[in-house]
Amino acid sequence: MIGLADCNNFYASCERVFNPQLRNKPLVVLSNNDGCVIARSNEAKALGIKMGEPAFKIKALIEKHKVNVFSTNFALYGDLSDRVMNTLKSEVERVEIYSIDEAFLDFSELSTTDRAVSIKKKVQQWTGIPISLGIAPTKSLAKVANHIAKKYTKKGVFILDDENVIKRALNFFPVEDLWGVGRKYAKRLKQSGINTALDFRNVDPEWLRRNFSVNGIRLQKELQGEKCYDLELNPARKKNICTARSFGKEIEDYKRIKEAVSTFANTCATKLRKEKSCCSKISVFLMTNPYKPNAKQYHPHITLDFQTPTNDSAEIVSMANTALKSIYRDDCIYKKAGVIVQNTTPQEEVQMSLFDTIDRDKRRKLMYSVDKINMLMGKDKIRLASQGFERRWKLRQEKLSPCYTTRFADILTIDI
DNA sequence: TCTGGGGTCCTAGGACCC
DNA sequence: TCTGGGGTCCTAGGACCC
């Protein structure tokens, strides 16, 4: 049996942990630049605030109901996520961390409601984060069980183990809520009269393969109780790493774009070194504001190759700037830019080039020192000059909560 | 005024090899 | 009359996930 632990309204719950006044009150967390709603407390959901809704469109609603609004605080969410995962690991030997707020658990030994409830309680008590726990024979069914646990049970725990129970659950489970069925697939399924998860389970496999590729078949088998996705305990090395941002204010001049692209490229390089990977390709893209139909639209991108795979900041930033130069046009106003490094290989397996002129050993030591200092003193304390110093392109984050657990200055003081 | 960011997998088609 | 058979690699596009 496989368990799926899923944090309830995770980001919203994180904001509440150290600020109990927010309990039972509507609360939303906004995306970068305070753009869209990306997390909602149950009270906020009840007000009809939708996932992904732009903040400016619900301004009146927020004011009327005194909804508490927060900018994303990834330092806080990341740290609380680690705490939740570590607590789960203290109870279950094999844990697959699937996302910032979800983990698959090996429940093959003991899958009782009592055990599930006690794990849920422990996480709540140790971290302050409420979770739901679904248990079933496959990952896809565990997803269904978790859905049911969250929506329809008081305990927040649900086990799908009996064929009759599974059939009944799937019969009332909307097909669009299945794991792996997105908006497009849902539409096509419904047009063919497949409305529930049970319909999906019973559909002709050949038709399924034709229309929904091999993934459709896998999902169907998983719903029938046949495992197609195992617990993955060793996270795979990333194949692509992307750093992209919308700007707080639109940018017109080359210098600022260059500073932003340099910074994104440097972040990619830092992430690569953290993964102990090198990349052999880099893409840079720019975007004008698509919500301004009257403005000139331009969404260029370009990919360049490195002769020798690298994770050296100077090399990657320099290549990013070469790429930028070739796509930049000065008659456009830019809203977003990004850098993607691709084709990664483990850094110990890099194929050297005969004609390489860089002293890689020396550079590796330099990068090691830079990373170490930045870790101690704060991000980008040491940076390349092309990253600039003003950071005029930076994000808008007007409602940022304190980093209660990761910054000394933000630690709570409590009157007793 | 104002609309996020970071990933993966699968498939078809083109180019190429012997 | 008639024009092989068996592969790999790469890329773009489309779908999905959180």
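Excluded from the calculations below are hydrogen atoms, water molecules and symmetry mates; all remaining heavy atoms, backbone and side chain alike, are included.
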Restricting to ring-ring contact (aromatic ring centres under 6.0 Å, His included), what partner residues turn up for [X], sequence neighbours left out?
{"X": "A:Tyr152", "value": "A:Phe172"}
{"X": "A:Phe247", "value": "none"}
{"X": "A:Phe104", "value": "A:Tyr98, A:Trp179"}
{"X": "A:Trp207", "value": "A:Phe212"}

What is the distance, to the nearest angstrom, from the [atom1] atom on [X] to the [atom2] atom on [N]?
{"X": "A:Trp179", "N": "C:dC16", "atom1": "CH2", "atom2": "P", "answer": "15 Å"}
{"X": "A:Lys238", "N": "B:dG5", "atom1": "NZ", "atom2": "P", "answer": "17 Å"}
{"X": "A:Arg245", "N": "B:dT3", "atom1": "CZ", "atom2": "P", "answer": "15 Å"}
{"X": "A:Asn215", "N": "C:dA15", "atom1": "CG", "atom2": "C1'", "answer": "9 Å"}
{"X": "A:Phe285", "N": "B:dG6", "atom1": "CZ", "atom2": "C1'", "answer": "10 Å"}
{"X": "A:Asn289", "N": "B:dT1", "atom1": "CG", "atom2": "P", "answer": "13 Å"}
{"X": "A:Phe247", "N": "B:dC2", "atom1": "CZ", "atom2": "P", "answer": "15 Å"}
{"X": "A:Asp101", "N": "B:dG6", "atom1": "CG", "atom2": "P", "answer": "17 Å"}

Phosphate contact ([N] OP1 or OP2) by [X] side-chain N/O below 4.0 Å:
{"X": "A:Lys336", "N": "B:dT3", "value": "no"}
{"X": "A:Ser99", "N": "C:dC17", "value": "no"}
{"X": "A:Lys335", "N": "B:dT3", "value": "yes"}

What nucleotide among [options] has an atom nearest to a side-chain atom of [X]?
{"X": "A:Cys242", "options": "C:dC18, B:dG6, B:dG5", "answer": "B:dG6"}
{"X": "A:Lys59", "options": "B:dT1, C:dC17, B:dG5", "answer": "B:dT1"}
{"X": "A:Ala244", "options": "B:dC2, B:dG6, B:dG4", "answer": "B:dG6"}
{"X": "A:Lys143", "options": "B:dT1, B:dG4, C:dC17", "answer": "C:dC17"}

Quiz item: Heavy-atom contacts under 4.0 Å between residues 316-334 of chain A and DNA chain B, which residues?
Solution: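 Heavy-atom contacts with DNA chain B come from no residue of residues 316-334 of chain A; none.
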
Quiz item: Any chance the rings of A:Phe74 and A:Tyr11 have centres within less than 6.0 Å?
Solution: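 Distance test on ring centres: under 6.0 Å, yes.
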
Quiz item: Less than 4.5 Å apart, any side-chain heavy atom of A:Ser326 and any of A:Ile302?
Solution: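 Touching, per the 4.5 Å side-chain cut-off.
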
Self-check item: Pair assignment for DNA chain B - dot-bracket with | for other-strand partners, Watson-Crick or G-U under 3.5 Å
Solution: ....||||||||||||||

Self-check item: Which residue lies more 5' along DNA chain B, comparing A:Lys271 with A:Tyr291 via nearest heavy atoms
Solution: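 The residue mapped nearer the 5' terminus is A:Tyr291.
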
Self-check item: Whichever of A:Arg396 and A:Asn240 has its nearest DNA chain B nucleotide further upstream toward 5'
Solution: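 Per heavy-atom nearest nucleotide, the more 5' residue is A:Arg396.
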
Quiz item: Regarding A:Gln347 and A:Asn311, is there a side-chain donor-to-acceptor distance under 3.5 Å anywhere?
Solution: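 Result is yes, a qualifying pair exists.
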
Quiz item: How about A:Asn73 and A:Ser401: does a side-chain donor come under 3.5 Å of a side-chain acceptor?
Solution: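 Present: a donor and an acceptor within the cut-off.
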
Exercise. Sequence neighbours left out, what passes salt bridge (Lys or Arg N to Asp or Glu O under 4.0 Å) with A:Glu91? Give chain and number order.
Key: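 With neighbours one apart ignored, the set is A:Lys122.
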
Quiz item: Can you list the residues that meet the salt bridge (Lys or Arg N to Asp or Glu O under 4.0 Å) rule with A:Asp312, with sequence neighbours excluded?
Solution: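 A:Asp312 satisfies salt bridge (Lys or Arg N to Asp or Glu O under 4.0 Å) with A:Arg363 once adjacent residues are dropped.
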
Base, sugar-phosphate, or nothing: which does [X] touch, judged by heavy atoms less than 4.0 Å apart?
{"X": "A:Ile241", "answer": "sugar-phosphate"}
{"X": "A:Glu53", "answer": "nothing"}
{"X": "A:Leu178", "answer": "sugar-phosphate"}
{"X": "A:Tyr185", "answer": "sugar-phosphate"}
{"X": "A:Asn33", "answer": "nothing"}
{"X": "A:Thr72", "answer": "nothing"}
{"X": "A:Arg210", "answer": "nothing"}

Practice problem: For each nucleotide in nucleotides 7-14 of chain C, reading 5' to 3', give B when a protein heavy atom comes within less than 4.0 Å of its base, S when such contact involves only the sugar-phosphate, and - otherwise. | Solution: ----S---

Side chains of residues 44-59 of chain A: which donor-acceptor partners sit under 3.5 Å, not counting sequence neighbours?
unit_1  : atom_1 : unit_2  : atom_2 : d
A:Lys45 : NZ     : A:Asn9  : OD1    : 2.7
A:Glu53 : OE1    : A:Lys50 : N      : 3.0

Exercise. Evaluate the criterion side-chain contact (heavy atoms from CB on, under 4.5 Å) for residue pair A:Asn240 and A:Thr344; output intermediate values, then yes/no.
Key: CA-CA 7 Å; A:Asn240 306 296; A:Thr344 61; over 6 Å; no

Exercise. Just grab all the ring-ring contact (aromatic ring centres under 6.0 Å, His included) pairs involving residues 261-286 of chain A, residues at least two apart or on different chains.
Key: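 Residue pairs with at least one partner in residues 261-286 of chain A: A:Phe264-A:Trp393.
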
Self-check item: Ring-on-base stacking B:dT3 with A:Phe56 (under 5.5 Å, under 30°)
Solution: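 No; by the centre-distance and plane-angle rule, A:Phe56 does not count as stacking on B:dT3.
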
Self-check item: Pairs involving residues 258-268 of chain A, ordered by first then second residue, that meet salt bridge (Lys or Arg N to Asp or Glu O under 4.0 Å) (sequence neighbours left out)
Solution: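 For residues 258-268 of chain A, and leaving out neighbouring residues, the salt bridge (Lys or Arg N to Asp or Glu O under 4.0 Å) pairs sorted by first residue read A:Lys255-A:Glu259.
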
